[in-house]
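Structure first, then comments.
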Amino acid sequence: MAGLIAPLERKNGWSLAERAGETHPIGMQRLLGEADWDADGVRDDVRDFIIESIGDKDAVLIGDDTGFLRKGARSAGVQRQYAGTAGRTENCQIGTFLAYARGA
């Protein structure tokens, strides 16, 4: 989780491994590519992290996904799908964003 929210220009096996203090990416690549994930456990860990970070019982976390137009060979996860920013089906990536709002 810390690597995924870290201010890294690129989040890949090499950069995440370096951020974690590893000298080689093989362990991180294996974790990301071959490990069995407990979806409920990951959800619970993320929830706990958010609660600890925000720490406000009146807070609301709002999730939103949107498509970003992409061209070229260096963008991962690009496919033809609906892009909200373009209002049509295009080659794009989908980004999910979380916004924090505090109750009145």
Side-chain angles (χ1 to χ4, degrees):
M1 183 69 191
L4 294 176
I5 63 171
L8 300 171
E9 183 176 339
R10 296 194 183 272
K11 293 179 176 82
N12 56 38
W14 275 104
S15 64
L16 292 174
E18 287 175 351
R19 176 76 177 189
E22 302 293 325
T23 57
H24 198 274
I26 191 71
M28 189 64 67
Q29 289 169 339
R30 184 164 185 231
L31 171 68
L32 296 173
E34 299 175 18
D36 289 328
W37 290 85
D38 173 10
D40 291 337
V42 171
R43 180 207 56 220
D44 293 346
D45 287 348
V46 170
R47 183 192 60 224
D48 293 344
F49 174 80
I50 302 266
I51 290 169
E52 290 172 16
S53 298
I54 295 174
D56 185 341
K57 67 181 179 89
D58 295 325
V60 176
L61 199 59
I62 303 159
D64 180 49
D65 61 327
T66 190
F68 293 92
L69 298 179
R70 290 290 184 208
K71 306 275 185 209
R74 293 187 176 231
S75 296
V78 174
Q79 68 180 25
R80 287 192 61 74
Q81 53 196 332
Y82 181 77
T85 54
R88 61 184 182 276
T89 300
E90 288 284 342
N91 281 341
C92 68
Q93 292 173 309
I94 302 298
T96 302
F97 300 90
L98 295 175
Y100 165 74
R102 185 162 186 242

Rounded to the nearest 0.5 Å, what separates atom [atom1] in [X] from atom [atom2] in [Y]?
X	Y	atom1	atom2	value
Leu98	Leu61	CG	CG	4.5 Å
Ile94	Arg70	CD1	CZ	11.0 Å
Arg80	Cys92	CZ	SG	9.0 Å

Under the rule for salt bridge (charged side-chain N to carboxylate O under 4.0 Å, His left out), what residues qualify as partners of Asp64, not counting sequence neighbours?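 Asp64 satisfies salt bridge (charged side-chain N to carboxylate O under 4.0 Å, His left out) with no other residue.
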
Do any side-chain atoms of residues 39-53 form donor-acceptor pairs under 3.5 angstrom with protein atoms, and if so which ones, sequence neighbours left out?
unit_1, atom_1, unit_2, atom_2, d
Asp40, OD1, Arg43, NH1, 3.3
Asp44, OD1, Arg47, NH1, 3.3
Ser53, OG, Phe49, O, 2.9

Of the non-hydrogen atoms in [X] and [Y], which two are nearest, and what is the gap between them?
X	Y	answer
Leu16	Met28	O-CE, 3.7 Å
Gly13	Gln29	CA-CG, 4.1 Å
Leu69	Ala83	CD2-CB, 3.9 Å

Any idea how His24 and Trp14 line up, ring-wise: parallel (<30°), tilted (30 to 60°), or perpendicular (>60°)? tilted

Quick check: do Val78 and Gln93 have side-chain heavy atoms less than 4.5 Å from each other? yes

